[in-house]
S.K.: 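So that we are looking at the same thing, I have put the structure below in structure tokens.
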Amino acid sequence: MREWTREEKYRSLRDPQELLPLYEKIKESEYRQTYHNQAVTGLMNDPNGFVWHDNKWHLFYQWCPWGAVHGLKHWYHIVSTDLVTWKNLGLCLIPDQGDGYDNKGVYSGSAMPIDDKIYLYYTGNHRDEDWTRHAYTCLARLSKDGWVEKYPLPLFGENPNYTEHQRDPKIIIREGSNIYYLMIGAKTKDNRGCALIYSSDDLQRGWNFLSELKVPGFENFGDMWECPTIEHIGGKDVLLFCPQHLTIPGRGNSQHHNGYILGFMDWDKLTFFPEGQFHVLDFGFDSYAAACANNIQDKDKAILIAWMGLPDAAYPTDEEDWSGCLTLPRELTVRGRRLIQKPLPEIRKLRDERLDTECNINGAFKLPRAAEIEIDCRKGAHSVNVFADENGEGGIHISCNEDQTMISVDRSGMKQRFNCDDGEVRERPLENGLSHLRIFIDSSSIEIFVNDGDAVFTSRVFPLESEHFCSVTGDSFTKMWSMKRAIKEQFLV
Ligand code: FRU
């Protein structure tokens, strides 16, 4: 694996054209996605600032142009009218090239549209000459014509009572009031993960620290919370966050999880009262830093998108100088004590041709590069090998036992294996058996929706040419469609 010097990781981007040769190389990769967003070069991570404004969805993401490395982060801007096809708009927030508040990265954050502008809240990742880190909560505003203006001073600096790990401001409007909150992920000096709450009655100034968010029962839950947010869905509050350095049953040795707690947020007491336990949001291998659109009108649902990747993980395309992509946008609703996560209905627009799933003599059918596979499952055990060889063996093995109490996804059958130390199997108990699977494959990803949104498993996958078959066993009925391209390969910085 390539070793990066600090100078190489944090080099400023002076002329976008210098990325062109890198892009020309990367665009030839067989693993470039066709309907999932990915960066033109380098590393993409968290989705940021997801909002509806000026008749479009706006989304930004963390981007380090130089290669598959967590170096100098920028915000890259994309837009969509239907959440299915996307257009690249290019760079939006660029780190200061001098000694400014965000000189070593424009880190994650959120957005709020007011009048004809979008306000962008982000963490300015500052490093002093001696490489001491300081986190600033910063603001910029984006006009319709693409003009971006960073405010000269941060809204506030770091809270001295916590460690340097304070980031990912999420802007929240308290319903029925004109009070705004910023929620910041943090790590305490005694290594506990938490969220800090600031408030103001003006989006642009006057921010005050109120308190650490109290979450009874979760005082000691991971050592840092990244990307925390509270969403209001179907009359319930949902605290979504990424607690770090926890091990969770069914999730191998992985230390990075994105999950949620349902409950009630009492803004007067700054306490989130949990109703139930912490749930994993996505049971697959590669999903993190999920963000919800900030201003959708329908109070019964949220729209979520996540980074299909994990911190501290290496991927086969690192060698090709790019890594990371975004998940499909998903519709979240609350059912009982859980979130239900479905692909947006609009995704059906991408279905192209209905393809034959008749098996060859070895019991496998051929997969195109991008497809949706739908399987209706009846009683008994089931197994599906996606990205199998022509004998229907190997690949990603999805299985459920005879009494249908557990579904598991095992990726150890793939020829290109990666992040194996985190464990190669993920499991999820099934409360009502297995009735349905919707599987979305792209050149280098798989998203498996179980029982109409009851669970989802998202993973990167890097199949070889010989691994483009699928086999299905059990009492079931399979349908498959090839998928249209939704993301244009285009060099735009
Ligand atoms: C999560 C994260 C955030 C941070 C950003 C930097 O993946 O570590 O906490 O703001 O990525 O790119």
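Numbers for residues simply follow the sequence, beginning at 1. Atoms within each ligand, like the ligands themselves, are counted from 1 in listed order.
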S.K.: Are F218 and W225 near enough that their ring centres are under 6.0 Å apart?
M.R.: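 Ring-ring flag for F218/W225: false, centres at least 6.0 Å apart.
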S.K.: Dump the intermediate steps for side chain to side chain contact (heavy atoms under 4.5 Å, CB included) on H257 and L246, then the final yes or no.
M.R.: CA-CA 8 Å; H257 315 278; L246 274 180; 4.1 Å; yes
S.K.: Going by the rule side chain to side chain contact (heavy atoms under 4.5 Å, CB included), which residues pair with E8 if we only count those two or more places apart in sequence or in a different chain?
M.R.: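 For E8, the residues satisfying side chain to side chain contact (heavy atoms under 4.5 Å, CB included) (neighbours in sequence not counted) are R2, W4, T5.
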S.K.: Excluding sequence neighbours, so at least two apart, what forms side chain to side chain contact (heavy atoms under 4.5 Å, CB included) with N294?
M.R.: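 Once residues adjacent in sequence are excluded, the partners of N294 under the side chain to side chain contact (heavy atoms under 4.5 Å, CB included) criterion are V51, M112, K170, I171.
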S.K.: I want to check a possible cation-pi pair here: R426 against F457, using under 6.0 Å from ring centre and within 45° of the ring axis as the test.
M.R.: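 So R426 doesn't make the cation-pi contact.
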S.K.: Could I get the full list of salt bridge (charged side-chain N to carboxylate O under 4.0 Å, His left out) partners for D96, not counting sequence neighbours?
M.R.: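 Scan of D96 (salt bridge (charged side-chain N to carboxylate O under 4.0 Å, His left out), adjacent residues dropped) gives none.
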S.K.: Taking a 3.5 Å cut-off between nitrogen or oxygen atoms, can you list every pair linking ligand 1 to the protein, with distances?
M.R.:
residue: ligand 1; atom: 7 (O); partner: D46; partner atom: OD1; Å: 2.8
residue: ligand 1; atom: 7 (O); partner: D46; partner atom: OD2; Å: 3.3
residue: ligand 1; atom: 8 (O); partner: E226; partner atom: OE2; Å: 2.8
residue: ligand 1; atom: 9 (O); partner: R167; partner atom: NE; Å: 2.8
residue: ligand 1; atom: 9 (O); partner: D168; partner atom: OD1; Å: 3.3
residue: ligand 1; atom: 9 (O); partner: D168; partner atom: OD2; Å: 2.7
residue: ligand 1; atom: 9 (O); partner: E226; partner atom: OE2; Å: 3.0
residue: ligand 1; atom: 10 (O); partner: S108; partner atom: N; Å: 3.1
residue: ligand 1; atom: 10 (O); partner: D168; partner atom: OD1; Å: 2.5
residue: ligand 1; atom: 11 (O); partner: N45; partner atom: ND2; Å: 3.2
residue: ligand 1; atom: 11 (O); partner: D46; partner atom: OD2; Å: 3.1
residue: ligand 1; atom: 12 (O); partner: N45; partner atom: ND2; Å: 3.0
residue: ligand 1; atom: 12 (O); partner: Q62; partner atom: OE1; Å: 2.6
residue: ligand 1; atom: 12 (O); partner: K73; partner atom: NZ; Å: 2.9

